[in-house]
Amino acid sequence: MKFSLQKPTDKQFDTICAFIKQFELDDRDLKKEQFTVAINDSEVLGFGRLRKHADCMELCSLGVVIPHRMKGIGKAIVEELIRSTAGTIYLVCIIPDFFKPLGFCTLKEFPASIENKINYCTQELAVPEAYVAMVF
């Protein structure tokens, strides 16, 4: 499948926000400039963002639209987000096996912002899987 990665337009950002709600992802402090979006023509296929905290950079709100999953879109978005910033990137997820091949590893100690994210996830985004903190 052909797609391009870019910063979202206002209309694409509205679509991303709707998908974030639908997928029950972290919807706190959403800003258009944080995102990279994968598109095919004008269709949003996937998205992810880098969120700057006082003590770290976090990769979060990563999602791929259901019919387009398992096609390399999520991987391409993560790789682009990694390329777009220098330094350490943290994330909190329930799918560590997706992120390990991309260079992330699990952590036992992490910045306060990531601990806050884990607490938010376990309280607000409850899922059967365990949340894991990772670093690149």
Completion exercise
Minimal heavy-atom distance between Ala38 and Ile77, with the atoms involved, is CB-CD1, 4.0 Å
Practice task
Would you indicate whether the side-chain heavy atoms of Lys31 and Lys52 approach each other to under 4.5 Å?
Solution key: no
Handout entry: Flag side-chain contact, heavy atom, 4.5 Å: Leu125 against Tyr131
Key = yes
Problem - Side chain proximity check, Leu91 to Phe136, heavy atoms < 4.5 angstrom - result: no
Handout entry: Side chains of Pro111 and His53 in contact at under 4.5 Å (non-hydrogen atoms)
Key = no
Scan the side chains in residues 2-12 for donor-acceptor partners under 3.5 Å anywhere in the protein, sequence neighbours excluded, and list what turns up.
residue, atom, partner, partner atom, Å
Gln6, NE2, Gln12, OE1, 3.4
Lys7, NZ, Glu33, O, 3.2
Lys7, NZ, Phe35, O, 3.1
Thr9, OG1, Gln12, N, 3.1
Thr9, OG1, Gln12, OE1, 3.4
Asp10, OD1, Lys32, NZ, 2.6
Gln12, OE1, Thr9, N, 2.9

Exercise for the section: Taking atom CD of Glu129 as the centre, report whether more than 12 heavy atoms of other residues, nucleotides or ligands fall under 6.0 Å from it. Expected result: yes
Fill in the blank from the handout: Distance col, row Phe47:CZ vs Ile73:CD1, nearest 0.5 angstrom, shows 11.5 Å
Exercise for the section: Could you tell me which non-hydrogen atom of Gly74 sits nearest to which non-hydrogen atom of Leu62, and how far apart they are? Expected result: O-CD1, 4.4 Å
Exercise for the section: State yes or no: do Leu30 and Leu59 share one hydrophobic cluster built from I, L, V, M, F, W and Y residues joined by side-chain heavy-atom distances below 4.5 Å, directly or via other members? Expected result: no
Exercise for the section: Report the distance from atom OG1 of Thr88 to atom CG of Asp55, rounding to the nearest 0.5 Å. Expected result: 11.5 Å
Practice task
Using the ring-ring contact (aromatic ring centres under 6.0 Å, His included) rule, collect all pairs that involve residues 78-100, keeping only residues at least two apart or in two chains.
Solution key: Phe99-Phe104
Practice task
For residues Pro96 and Val132, report the shortest heavy-atom separation together with the two atoms involved.
Solution key: CG-CG2, 4.2 Å
Exercise for the section: Work out which heavy atom in Ile114 is nearest to a heavy atom in Ala133; give both atom names and the distance. Expected result: CG2-CB, 3.9 Å
Practice task
State plainly whether one hydrophobic cluster holds both Val44 and Ile66, where clusters connect Ile, Leu, Val, Met, Phe, Trp and Tyr through side-chain heavy atoms under 4.5 angstrom apart.
Solution key: yes
Exercise for the section: Examine Val127 and Val64 and state if one hydrophobic cluster contains both, with Ile, Leu, Val, Met, Phe, Trp and Tyr joined whenever side-chain heavy atoms are less than 4.5 Å apart. Expected result: yes
Problem - Atom NZ of Lys71 with >12 non-hydrogen neighbours under 6.0 angstrom - result: yes
Problem - Sidechain-backbone polar pair: Thr85 side chain, Ile82 backbone, donor-acceptor under 3.5 Å - result: no
Exercise for the section: Mind checking the CG-CZ spacing from Leu25 to Phe19? Nearest 0.5 Å is all I need. Expected result: 11.0 Å
Problem - CD-CG distance between Glu58 and Asp26, expressed to the nearest 0.5 angstrom - result: 6.5 Å
Exercise for the section: Kindly work out whether a path of hydrophobic side-chain contacts (I/L/V/M/F/W/Y, heavy atoms less than 4.5 Å apart) joins Val78 to Val92. Expected result: yes
Exercise for the section: Evaluate whether atom CD of Glu80 has more than 12 neighbouring non-hydrogen atoms of other residues, nucleotides or ligands under 6.0 angstrom away. Expected result: yes
Problem - Distance in Å, Thr36 OG1 paired with Leu81 CG, rounded so as to fall on 0.5 Å steps - result: 4.5 Å
Practice task
To the nearest 0.5 Å, tell me how far Met134 CE sits from Ile95 CD1.
Solution key: 9.5 Å
Exercise for the section: Group every Ile, Leu, Val, Met, Phe, Trp and Tyr by side-chain heavy-atom contacts under 4.5 Å, then state whether Val65 and Ile20 land in the same group. Expected result: yes
Problem - Sub-4.5 Å side-chain heavy-atom contact between Val135 and Phe110 - result: no
